[in-house]
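The model shown is predicted, which means the values in this text are computed figures rather than measured ones. Chain naming here is simple, since letters A, B, ... match the order of the sequence lines and numbering starts at 1 in each.
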Protein chains: 2
Amino acid sequence: MALEEAHWPEELFADLDRTSPLPMYSQVASRLESAIRSGVIPAGGRIESEMAIAERLQISRPTIRRAIQDLVDKGLLVRQRGIGTQVVQGQVERSVELTSLFEDLSQAGISATTTLLDHEVLEADEDVAARLSLPAGDPVLHIRRRRMADGVPVAVLDNHLPGEFADLLPASLEGAGLYQLLRSRGVGIRIAQQRIGARACTPDEASLLEMEPGAPVLTMERLTYDHTGRAIELGRHAYHPDRYSFSTTLVAR
Amino acid sequence: MALEEAHWPEELFADLDRTSPLPMYSQVASRLESAIRSGVIPAGGRIESEMAIAERLQISRPTIRRAIQDLVDKGLLVRQRGIGTQVVQGQVERSVELTSLFEDLSQAGISATTTLLDHEVLEADEDVAARLSLPAGDPVLHIRRRRMADGVPVAVLDNHLPGEFADLLPASLEGAGLYQLLRSRGVGIRIAQQRIGARACTPDEASLLEMEPGAPVLTMERLTYDHTGRAIELGRHAYHPDRYSFSTTLVAR
DNA sequence: GAGTGGTCTAGACCACCGT
DNA sequence: CGGTGGTCTAGACCACTCT
């Protein structure tokens with residue numbers, strides 16, 4: 001039985017721009033990705049070989065290879081030596097990148113609002129200090145917020161940050177996401193280690209999230225690092241499980 | 001203030017083997033990783049430049065670059081153009097790769113045992129069929145298991161697989177992990193899309209997991225694909241939240 | 001044997017950072 | 001300015017699969 005052959009419309013790579021600040025591998029990957037997501041290249045179908053694409057686009061094989069590898073790492077493509085490269089079957093899920101809850105909601109077209117519940121500078125206890133790679137007793141900013149989506153409470157967010165962020169204004173924290181504020185100060189989140197679990201909600205959370213006391217909440221503890229590898233933020237969050245969940249896609253190397 | 005300089009013991013890369021079936025980039029990466037995890041290269045410290053390592057090891061820069069990039073993707077290193085490459089601060093967490101619960105437990109030195117609760121061949125309903133990319137009505141194997149760790153119940157695992165796996169023996173399902181059985185049949189899991197949430201447990205789950213009725217459970221729905229991109233398994237699992245949680249580390253690209 | 005992806009090489013130019 | 005990582009090239013050899 002013959003595998004589906006790949007014949008792509010010529011326009012697919014029509015607007016590649018060698019002078020663009022975007023790297024060529026990125027341009028090729030994004031065009032391939034949209035062709036896959038739109039079904040132009042069908043699920044289960046084979047794509048052309050690396051050499052064939054390289055020759056067609058007049059781009060070297062390593063560059064094409066990198067574009068394809070990026071999509072393999074995203075879980076859209078699968079490769080087999082001696083066979084070729086195929087599109088993964090089944091609908092492709094848009095995976096959660098490293099984003100904040102605020103950005104997740106905004107991107108879904110949902111208006112997110114925030115209520116600031118706590119905003120104080122404390123001396124770091126041993127646990128928080130160790131997580132943030134600070135000496136115990138150093139000042140840390142502690143904030144606690146409630147996040148609503150379209151008027152419905154979704155999560156209670158509890159965060160600790162190094163003392164130098166103590167000047168984050170309460171007003172600004174109600175108007176934007178934390179990562180957004182940090183980015184505007186030149187601090188980009190690069191790495192996040194997180195642990196996801198569940199427990200019964202506290203009485204406090206029950207009233208904030210408008211749940212029955214003792215009802216389940218989804219919890220996430222997240223430690224984030226910036227582009228220099230420095231610990232920036234420790235978050236302990238509780239989510240209303242009917243209104244939020246975590247999606248990821250894993251790819252074996 | 002001077003940044004910590006990197007002077008590595010000469011033995012670090014002593015046993016690199018060009019004739020090994022393991023690629024050079026993999027050998028270099030694993031040695032760098034253990035040097036970081038063991039503290040030989042301290043947290044926050046800078047490593048040598050790509051060119052310096054390449055010259056020292058007599059390996060080309062692209063190969064060294066790939067080794068380093070693998071560790072960046074794992075969240076162990078951070079790179080800045082014009083500056084160099086540094087180790088991320090804070091203790092490095094061993095992140096969850098694409099593994100099954102059974103393997104997770106085994107690797108932690110915990111003895112995992114399984115009780116088979118259900119084992120039947122059904123006609124796929126529309127939902128299951130769509131997820132597995134099968135026509136509705138096709139036969140599918142449905143299994144339900146309870147997983148114990150050191151004699152304590154940890155999770156209830158509910159799975160659907162394409163009908164061709166209907167010959168998986170009940171006995172073998174009690175003695176090994178599902179992925180392990182599939183691998184021994186030549187089916188390797190390559191991609192997993194998963195959604196993690198929480199809810200109150202059912203009465204059935206309460207007795208199986210030895211919990212109070214209505215207590216919170218951590219849930220995961222996972223759809224896995226093999227190396228050819230074909231959907232292999234749909235899992236719906238419920239975990240005792242005091243005995244299991246999910247850890248991941250995300251890296252921005 | 002022909003074609004595929006997996007690895008590796010030896011260069012090149014660039015953008016960016018520190019001094 | 002020299003050094004760093006980011007991108008790109010044009011080859012090469014290999015292991016593997018299908019015919």
Sequence-distant partners of A:R131, side chain to side chain contact (heavy atoms under 4.5 Å, CB included), two or more places apart: A:D127, A:E221, A:L223, A:L234, B:Q91

Rounded distance in Å - CG (B:L77) to P (D:dG5): 11 Å

Produce the list of close N/O pairs, under 3.5 Å, pairing protein atoms with atoms of nucleotides 6-10 of chain C; give distances to one decimal.
unit_1 : atom_1 : unit_2 : atom_2 : d
C:dG6  : OP2    : A:R65  : NH1    : 3.1
C:dG6  : OP2    : A:R65  : NH2    : 2.9
C:dG6  : OP2    : A:R79  : NE     : 3.3
C:dG6  : OP2    : A:R79  : NH2    : 3.3
C:dG6  : N7     : A:R61  : NH2    : 2.9
C:dG6  : O6     : A:R61  : NH1    : 3.1
C:dT7  : OP1    : B:Y25  : OH     : 2.6
C:dT7  : OP2    : B:Y25  : OH     : 3.3
C:dT7  : OP2    : B:R66  : NH1    : 3.3
C:dC8  : OP1    : B:M24  : N      : 2.6
C:dC8  : OP2    : B:M24  : N      : 3.4
C:dT9  : OP1    : B:R18  : NH1    : 3.3
C:dT9  : OP1    : B:R18  : NH2    : 3.2
C:dT9  : OP2    : B:S60  : N      : 3.0
C:dT9  : OP2    : B:S60  : OG     : 2.7
C:dT9  : OP2    : B:T63  : OG1    : 2.8

B:Q86 CD - D:dG5 C1' separation (whole Å): 13 Å

Presence of B:T85 side-chain N/O under 4.0 Å of D:dG5 phosphate oxygens OP1/OP2: yes

Residue list, ring pair (Phe, Tyr, Trp, His ring centres under 6.0 Å) with A:H142, at least two apart or on another chain: A:H160

Which pairs would a plain distance check flag for residues 75-84 of chain B, meaning a side-chain donor or acceptor within less than 3.5 Å of a matching protein atom at least two apart in sequence or in another chain?
unit_1 : atom_1 : unit_2 : atom_2 : d
B:R79  : NH1    : B:E50  : OE2    : 2.7
B:R79  : NH2    : B:Q69  : OE1    : 2.6
B:Q80  : OE1    : A:H227 : ND1    : 3.3

Partner residues of B:L12 under the side chain to side chain contact (heavy atoms under 4.5 Å, CB included) criterion, sequence neighbours left out: B:W8, B:R31, B:A35

Atom-pair distance (CD1 on A:I83; P on D:dT17), nearest Å: 7 Å

Pairs satisfying salt bridge (Lys or Arg N to Asp or Glu O under 4.0 Å), at least one member in residues 175-184 of chain A, at least two apart: A:E103-A:R183

Non-neighbouring partners of B:E123 that pass salt bridge (charged side-chain N to carboxylate O under 4.0 Å, His left out), sequence neighbours left out: none

Under 4.0 angstrom between A:S49 side-chain N/O and C:dG3 OP1 or OP2: no

Test applied, side-chain contact (heavy atoms from CB on, under 4.5 Å); reference residue, B:F165; option that passes from B:I143, B:L178, B:I232: B:I232

Residues forming a salt bridge (charged side-chain N to carboxylate O under 4.0 Å, His left out) with A:E55, sequence neighbours excluded: none

Terminal axis angle for the helix from C:dG1-D:dC18 to C:dC17-D:dG2, five pairs an end, nearest 10 degrees: 10°

